[in-house]
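Everything numeric in this text was worked out from a predicted model, so none of it was measured.
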Amino acid sequence: MVFSSLIFLFVFLPITLVLYYIVPKPLKNPVLILCSLIFYAWETPQYLVLMLFSVVFNYCAGLELDDLHQRGKPKAAKWVMIAVVVMNLFLLGFFKYSGFLVENLNHIPGVALTAAKVALPVGISFYTFQVLSYVFDVYRQNVPVQRNFVLFATYVTFFPKLVSGPIVAYKDMEAQLRERQVSLDRICSGATLFLTGLFKKVLIADNLGVLYAGISGQSGAMSVVTAWLGAIGYTLQLYFDFSGYSDMAIGLGQMFGFDIDKNFDYPYLSKSITEFWRRWHISLSSWFRDYLYIPLGGNRKGKLRTEVNKGIVFFCTGLWHGASWNFVLWGLWHGVFIILEDLLPKGGKVRRAIGHVTTPLIVLLGFVLFRADTLGDAGRIFSKMFTGVDFTLQSD
């Protein structure tokens, strides 16, 4: 079920809101859990068990980590934490990356593996990262363990953020699970934001998608201007689609009394790639900063280690988006420019002026790589954009 579908807008959402508002306070979280499970299982009921396993497994893991800390066994807690992370990443990797891994291993002479045909569970990347934030924070003792299973299940399953984010860390939602306020002003504010996101998604992004589909469907007849128009169209489509969904999710959260931080902050106005990643998919950037970059050492272990850490983060950022080399290269593309910006002299009006021009261009070219089905397709589009010639790279 998607937010822009008629069944969601005119059946699911009104019924859920009415139930939530009329039940007494002790039943509000159970109602949210029930409705969220229906939302998730509407089109993919076969993966409901997987998501529920994630809820139960990580709830129990939190209890075990807290118990080990209470008994003064930090080494045992570390090994439990590692095992929990491995289990979560194994499930994510099996469903999302096993085919990609087998495909690449089969390029080794003498290797002929067969990947299991499994569909990607909806939202697994998002809810896996959310439960990992809980495990990490309990292990670090940054948050108290959640002993109330209903509250923890509400955090994981809350339907506005369940399948496409934003990625809300447990520490940012913990207090709201117990106590939150719903008022007419907040409901109206949330509804306005939801409708704004719906407008972005349906009236802008979907129509830009039609434009891009028409352009990308052309073959040798594509001109330089058409290739650039297609790249710009997709770049705008992606922003309005993703930011529109985030606006809808945040607006829905407000209607249920939750405050969720914004996920996009006019990223195409950025003057550098570093600034772009402070404005684009903010929840993902924050997650990688808090749970990967800083644990790797951040910028505390010298210049070289800092840049290596950033390269690792952007490799993982690209891979998180999908099981394909074009996503990996898209992440590394941004990582390279982040590192270059660190090495260049800081400040100055000239650099800021140049950044206003080069940053949108770097982002746009990166999204060509992001969208291409194969590296060969990306090469064909790049060659059209800069030469007008259909010079196709072989990606097989």
Side-chain angles (χ1 to χ4, degrees), residues 29 32-33 36 51-93 123-158 160-162 165-180 249-250 253 257-263 277-278 281-300 309 312-313 316-317 320:
N29 283 332
L32 280 182
I33 295 172
S36 296
M51 196 262 287
L52 290 175
F53 170 80
S54 180
V55 174
V56 175
F57 175 77
N58 288 283
Y59 169 77
C60 295
L63 295 178
E64 179 64 18
L65 287 170
D66 181 70
D67 180 65
L68 290 171
H69 280 306
Q70 295 296 328
R71 290 191 285 148
K73 296 184 176 181
K75 289 186 178 180
K78 180 179 180 179
W79 284 109
V80 169
M81 187 273 293
I82 292 172
V84 171
V85 171
V86 168
M87 173 59 76
N88 280 288
L89 293 183
F90 170 78
L91 291 175
L92 177 62
I124 190 171
S125 297
F126 291 93
Y127 69 71
T128 297
F129 268 35
Q130 290 179 136
V131 294
L132 282 174
S133 78
Y134 171 74
V135 172
F136 286 135
D137 283 334
V138 170
Y139 170 74
R140 297 171 180 172
Q141 297 181 291
N142 291 338
V143 297
V145 67
Q146 181 54 262
R147 298 187 179 278
N148 187 316
F149 180 76
V150 171
L151 295 185
F152 182 74
T154 302
Y155 162 68
V156 180
T157 64
F158 186 46
K161 65 175 183 59
L162 178 58
I167 301 171
V168 184
Y170 175 77
K171 62 186 178 183
D172 297 326
M173 202 170 171
E174 178 206 359
Q176 301 178 69
L177 295 169
R178 289 188 172 86
E179 191 68 38
R180 53 190 179 272
I250 296 168
F258 289 93
D259 289 317
I260 300 174
D261 291 337
K262 62 183 176 182
N263 207 23
W277 278 98
R278 295 194 190 107
H281 207 340
I282 299 169
S283 64
L284 180 65
S285 301
S286 299
W287 196 97
F288 275 116
R289 178 198 64 208
D290 294 343
Y291 301 110
L292 182 58
Y293 177 67
I294 292 176
L296 285 172
N299 59 0
R300 304 185 306 275
N309 291 342
I312 293 172
V313 166
C316 294
T317 299
W320 180 87

Under a 3.5 Å cutoff, is there a donor and acceptor pairing between the side chains of N263 and S283? yes
Under a 3.5 Å cutoff, is there a donor and acceptor pairing between the side chains of Q146 and Y170? yes
So do the side chains of [X] and [Y] get within less than 4.5 Å of each other, counting heavy atoms only?
| X | Y | value |
| --- | --- | --- |
| F126 | K161 | no |
| H69 | V145 | no |
| V131 | F57 | no |

Could you tell me whether F288 and F129 have their ring centroids closer than 6.0 angstrom? yes
List in chain and number order the residues that pass side-chain hydrogen bond (donor to acceptor under 3.5 Å, both in side chains) with Y59, two or more places apart in sequence or in another chain; answer none if no residue qualifies. none
Set of side-chain hydrogen bond (donor to acceptor under 3.5 Å, both in side chains) partners for Y134, sequence neighbours left out: none
Sorted by chain and residue number, the ring pair (Phe, Tyr, Trp, His ring centres under 6.0 Å) partners of H281 (sequence neighbours excluded) come out as F242, W320
Which residues satisfy the side-chain contact (heavy atoms from CB on, under 4.5 Å) test with A153, sequence neighbours excluded? I33, V55, F149
Considering residues, nucleotides and ligands other than D261, do more than 12 of their heavy atoms fall under 6.0 Å from its CG? no
Main-chain N/O of V168 paired to D172 side chain as donor or acceptor, under 3.5 Å: no
Look at the rings of Y291 and W287 and say which category their plane angle falls in: under 30° parallel, 30 to 60° tilted, over 60° perpendicular. tilted
Quick one: salt bridge (Lys or Arg N to Asp or Glu O under 4.0 Å) partners of R278, sequence neighbours excluded? none
Under the salt bridge (Lys or Arg N to Asp or Glu O under 4.0 Å) rule, collect the residues that match up with K171, sequence neighbours excluded. D290
Please report the C-alpha distance between F136 and V85 in whole Å, then the side-chain angles of each, then the deciding distance to 0.1 Å, and finally whether the side-chain contact (heavy atoms from CB on, under 4.5 Å) criterion is met. CA-CA 9 Å; F136 286 135; V85 171; 3.7 Å; yes
